[in-house]
Amino acid sequence: QVQLVESGGGSVQAGGSLRLSCTASGRTFNNYAVGWFRQAPGKERQFVAVINLRGSNTYYLDSVKGRFTISGDNAKNTVYLQMNSLKSEDTAVYYCAARSYSSVFVSSPTSYDYWGPGTQVTVSS
């Protein structure tokens, strides 16, 4: 079992930055793909970014490319999401999720087995 906890959410003005952290317990991230998802009011849960720590591959939602960066620290068993140039459209609850390692990129929320409780990100314009 993997237990995930997010931190770093908050309120920021448009153009500002936040760094989200996802820390795991129970198992290391070495054998998992770890992703960030978000869900805004009235919207479906949406893929944001994922990192495959075994192969160090990353993938991003098109609308966050160039603004968001996902990274991992294996020693701390933590994955980060650095969010720059934030927009009002980024406002959502952000969730960390994990699934067993696969060489195939998967973005569907239903394919991820473990989830954190989420952290609110609010961007004001």
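Each residue takes its place number in the sequence, starting with 1. Computation of the quantities below employed the complete heavy-atom set of this structure, encompassing side-chain atoms and omitting hydrogens, waters and symmetry-equivalent molecules.
- In the model, Thr78 has a side-chain atom that pairs as donor or acceptor with a side-chain atom of Thr23 under 3.5 Å.
- Taken from OG1 in Thr69 to CE in Met83, the straight-line distance is 11.0 Å, to the nearest 0.5 Å.
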Review point. Are Val121 and Leu20 close enough, and set up right, to give a side-chain contact (heavy atoms from CB on, under 4.5 Å), and what steps lead you there?
Key: CA-CA 9 Å; Val121 171; Leu20 306 183; 4.1 Å; yes

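- The backbone N or O of Val106 lies less than 3.5 Å from no partner atom in the side chain of Tyr59, so there is not a single donor-acceptor pair.
- Rounding to the nearest 0.5 Å places OG1 of Thr119 at 11.0 Å from CG of Leu81.
- No continuous path of hydrophobic side-chain contacts links Ile70 to Tyr80 [ILVMFWY only; heavy atoms under 4.5 Å].
- Ring geometry for Tyr112 versus Phe37: interplanar angle over 60°, hence perpendicular rather than tilted (30 to 60°).
- Partners of Asn31 according to the side chain to side chain contact (heavy atoms under 4.5 Å, CB included) rule, which considers only residues two or more places apart in sequence or in another chain, are Arg54.
- Here the shortest heavy-atom pairing between Ser17 and Asn84 reads OG-OD1, 2.9 Å.
- With rounding to the nearest 0.5 Å, the separation of SG in Cys22 from CH2 in Trp115 is 10.5 Å.
- In this structure, Tyr32 and Ala98 approach most closely via the heavy-atom pair CD2-CB, 4.3 Å.
- To the nearest 0.5 angstrom, Glu44 atom CD is 8.5 Å from Gln39 atom CD.
- The nearest pair of heavy atoms linking Ser88 to Ser125 is OG-CB, 3.2 Å.
- Closest of all the heavy-atom pairs between Ala33 and Val50 is CB-CG2, 4.2 Å.
- A distance of 8.0 Å separates CD in Gln46 from OH in Tyr94, rounded to the nearest 0.5 Å.
- Applying the salt bridge (Lys or Arg N to Asp or Glu O under 4.0 Å) rule to pairs touching residues 89-100 yields Arg38-Asp90, Arg67-Asp90, sequence neighbours excluded.
- Panel note: side chain Glu6, backbone Gly118; a donor-acceptor pair is recorded below 3.5 Å.
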**Study point:** From CA spacing to verdict: side-chain contact (heavy atoms from CB on, under 4.5 Å), Cys96, Trp36
**Key:** CA-CA 5 Å; Cys96 177; Trp36 287 95; 4.1 Å; yes

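- Here the CZ atom belonging to Phe68 is positioned 8.5 Å from the CG atom belonging to Leu61, to the nearest 0.5 angstrom.
- Among all heavy-atom pairs drawn from Ala24 and Val2, the shortest one is CB-CG1, 4.1 Å.
- Across all their heavy atoms, Ile51 and Gly72 have their closest contact at CD1-N, 4.0 Å.
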